[in-house]
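Read the structure below first, then the notes.
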Amino acid sequence: MLLFRNQTNPLFIPVLLGCVVLSTLGFQGIRNQVLAQKNQPSKKPDKILQVNPSELTPTYPAKAPPQKVNPLPDERQRQENVGEVNYRIGALQADYTGNLWVGSWRGLTRIDPNTGKILARVRLPNLTIGDITQDKVGRLWVGTYGGLKRIDPRSSEITAQNLFLPSKRVLSLLIDKRGYLWVGTDNGLALISPDQGLLMTTLQKLPGVSANALTLDAEGQLWVGTLDRLVRVDTAKAFVIKQIDRLPGGTVQALATSPEGLIWAGMPNNLLVINPQTGAILRSVTPLRGRNVKSIKFAKDGSVWVGTSNGLLRLNPHTGAVLDQKVPGLPSSRVLAIAPDVGNKLWIGTTEGLAWLMPNMKQARPHFGFTRAVK
């Protein structure tokens, strides 16, 4: 022990003691640091980790899932995928073979009115059909908001179109007693030779401007319903021979000639009966006052059918009394076109599709090829 102590350098002892102290202090510091970290509150996790556990666990309703719905037909699915479909039936025309032509969003369609079967189609895509008529030899003329078209019903092909009209917006069509075609547009009248498909003359300075509706009187002269009056036109000379203005209701949008030769004029808020000889207003049909009259047709039994923007009615033509109040079962209450006595049925075109009605039926039935009501 003495030998060791004597040989030891005096400076070595403080150094050794310092190392021991530092070692002890270092260990104690690490221990204190660990304890401090344990006692220190944990660091908040990043936002990406702040997820409510309930959000990671899917929850399901206690109720049973709804019953399965049968899919729609493929054709209807394609139509709905394209966008909103227009089901407006703007014109109806019976032909000489007894079939019915329907002007709709699909174009022009011929159906068998006895069975409802579709017989032929003429595609007129994206064209609103304003009116249809048939000439003396059976050719169909279709007035659209994009012009006039002549169609061969045997081949369903367009054989003439857009014949230099005062306007391409065709609203009304009529074949006169000579077999010539009168075309009413929103900017006047035109006279067409159906055989040649050629424009013969125009009446652009039509009083009231727009030829909304056409009918013939007992003498074969043309009556035109315009924006503010009724105009009588000489069909041989194509000039105006009479005007009836200051009509209660203003715009004439539907015309028909009764079996007795009287002119029935439908307006946005009235239905008038007019004597074509004197121009006198014989009657304002009381049940139709305030109603928007869109179409008028006389049936073989003598009654008159009136389509309005609020339903379809049947009237007594002599008294104006309502025989049938608003026909139920229509695809829409907005009636645009009527075709009575076709296949022993009354056919009704509305803004939402086609329907038909037979005698003694309590309500109309839709034609499922032309309505939204497809199962």
Side-chain angles (χ1 to χ4, degrees), residues 87-95 98-104 108-111 113-114 116 128-134 140 142-143 171-174 184 212-216 225 252-259 262-268 270-273 285 287-288 291-317 320 322-359 361 363-367 370-371:
Y87 290 85
R88 170 191 175 101
I89 306 294
L92 299 170
Q93 175 66 42
D95 65 19
N99 292 320
L100 179 68
W101 290 87
V102 182
S104 73
L108 188 64
T109 305
R110 183 176 64 182
I111 67 173
N114 298 303
T128 299
I129 295 177
D131 204 359
I132 309 168
T133 194
Q134 189 173 35
L140 285 171
V142 183
L171 306 177
S172 55
L173 298 172
L174 183 141
N212 302 324
L214 305 174
T215 191
L216 291 177
V252 179
Q253 53 192 18
L255 285 175
T257 303
S258 72
L262 301 177
I263 304 295
W264 287 57
M267 301 180 175
N270 217 332
L271 177 61
L272 305 178
V273 182
V285 181
L288 274 298
R291 296 201 181 206
N292 186 2
V293 178
K294 306 291 288 184
S295 54
I296 310 166
K297 291 290 182 180
F298 285 87
K300 290 180 180 178
D301 63 3
S303 62
V304 56
W305 289 94
V306 181
T308 75
S309 59
N310 190 28
L312 175 69
L313 300 93
R314 186 167 69 99
L315 306 179
N316 182 322
V322 176
L323 301 176
D324 290 314
Q325 293 284 351
K326 289 180 61 177
V327 176
L330 297 175
S332 168
S333 62
R334 298 179 180 179
V335 178
L336 303 177
I338 307 170
D341 307 308
V342 185
N344 197 32
K345 299 178 182 70
L346 171 74
W347 293 87
I348 310 109
T350 76
T351 56
E352 291 294 321
L354 179 67
W356 54 275
L357 182 69
M358 291 184 69
M361 283 178 57
Q363 66 178 35
R365 294 183 182 179
H367 188 296
F370 298 90
T371 66

Worksheet entry | side chain to side chain contact (heavy atoms under 4.5 Å, CB included) partner of L313, the single match among V322, L271, V304 | V322
Worksheet item: Can you tell me if D301 and S303 form a side-chain donor-acceptor pair at under 3.5 Å?
Response: yes
Worksheet entry | Close side-chain approach of I338 and L312, heavy atoms under 4.5 Å | yes
Item to complete: Measure the acute angle between the ring planes of W347 and H367, then classify it against the limits of 30° and 60° as parallel, tilted or perpendicular.
Response: tilted
Worksheet item: Checking Q253 side chain against V293 main chain: does a donor-acceptor pair fall under 3.5 Å?
Response: yes
Practice prompt. Could you pull out the closest heavy-atom pair between P331 and T350, with the gap in Å?
Written response: CB-OG1, 3.8 Å
Worksheet entry | Inter-residue atom distance W101.CH2 - T133.OG1, 0.5 Å rounding | 13.5 Å
Worksheet item: Does V306 reach the side chain of V285, with side-chain heavy atoms less than 4.5 Å apart?
Response: no
Fill in: Side-chain donor or acceptor of N212 paired with backbone N/O of V252 under 3.5 Å
yes
Fill in: Counterpart residues, side-chain hydrogen bond (donor to acceptor under 3.5 Å, both in side chains), relative to T257 (two or more places apart)
T215
Worksheet, complete the sentence: Note: L173 and D131 closest approach over all heavy atoms is N-OD2, 2.9 Å
Practice prompt. Find out whether V273 and I263 are in side-chain contact, i.e. whether some heavy atom of one side chain is under 4.5 Å from a heavy atom of the other.
Written response: no
Worksheet, complete the sentence: So CD of Q134 and CG of L140: to nearest 0.5 Å the spacing works out to 5.0 Å
Practice prompt. Would you give the length of the straight line joining atom CG of L100 to atom CD1 of I111, rounded to the nearest 0.5 angstrom?
Written response: 4.5 Å
Worksheet item: Nearest heavy-atom pair of I129 and A91: which atoms, and what distance?
Response: CG2-CB, 4.1 Å
Worksheet item: With no hydrogens and no angle check, is any side-chain donor or acceptor of N292 less than 3.5 Å from a backbone partner on S309?
Response: no
Response to the item:
d(L174 CG, L216 CG) to nearest 0.5 Å is 4.5 Å
Response to the item:
So OG of S333 and CG of N310: to nearest 0.5 Å the spacing works out to 5.0 Å
Worksheet item: Can you check whether P113's main-chain N or O pairs, donor with acceptor, with K345's side chain at less than 3.5 Å?
Response: yes
Worksheet item: Looking at side-chain heavy atoms only, is the closest gap between N344 and M358 below 4.5 Å?
Response: yes
Discussion item. Can you give me the closest heavy-atom contact between L336 and S295, atom names plus distance?
Written reply: O-CB, 3.6 Å
Practice prompt. State, to 0.1 Å, how close G329 and P366 come at their nearest heavy-atom pair, and which atoms those are.
Written response: O-CD, 4.4 Å
Worksheet item: Which one of I348, I296, V327 satisfies the side chain to side chain contact (heavy atoms under 4.5 Å, CB included) criterion with W305?
Response: V327
Worksheet entry | Interatomic distance, N270 atom CG to R291 atom CZ [nearest 0.5 angstrom] | 12.5 Å
Discussion item. If I compare all heavy atoms of D341 with all of K300, which pair ends up nearest, and what's the gap?
Written reply: OD2-N, 2.8 Å
Discussion item. Checking Q93 now: which residues fulfil side-chain hydrogen bond (donor to acceptor under 3.5 Å, both in side chains) with it, not counting sequence neighbours?
Written reply: none
Worksheet entry | Results of side-chain hydrogen bond (donor to acceptor under 3.5 Å, both in side chains) for D324 - residues two or more places apart only | R314
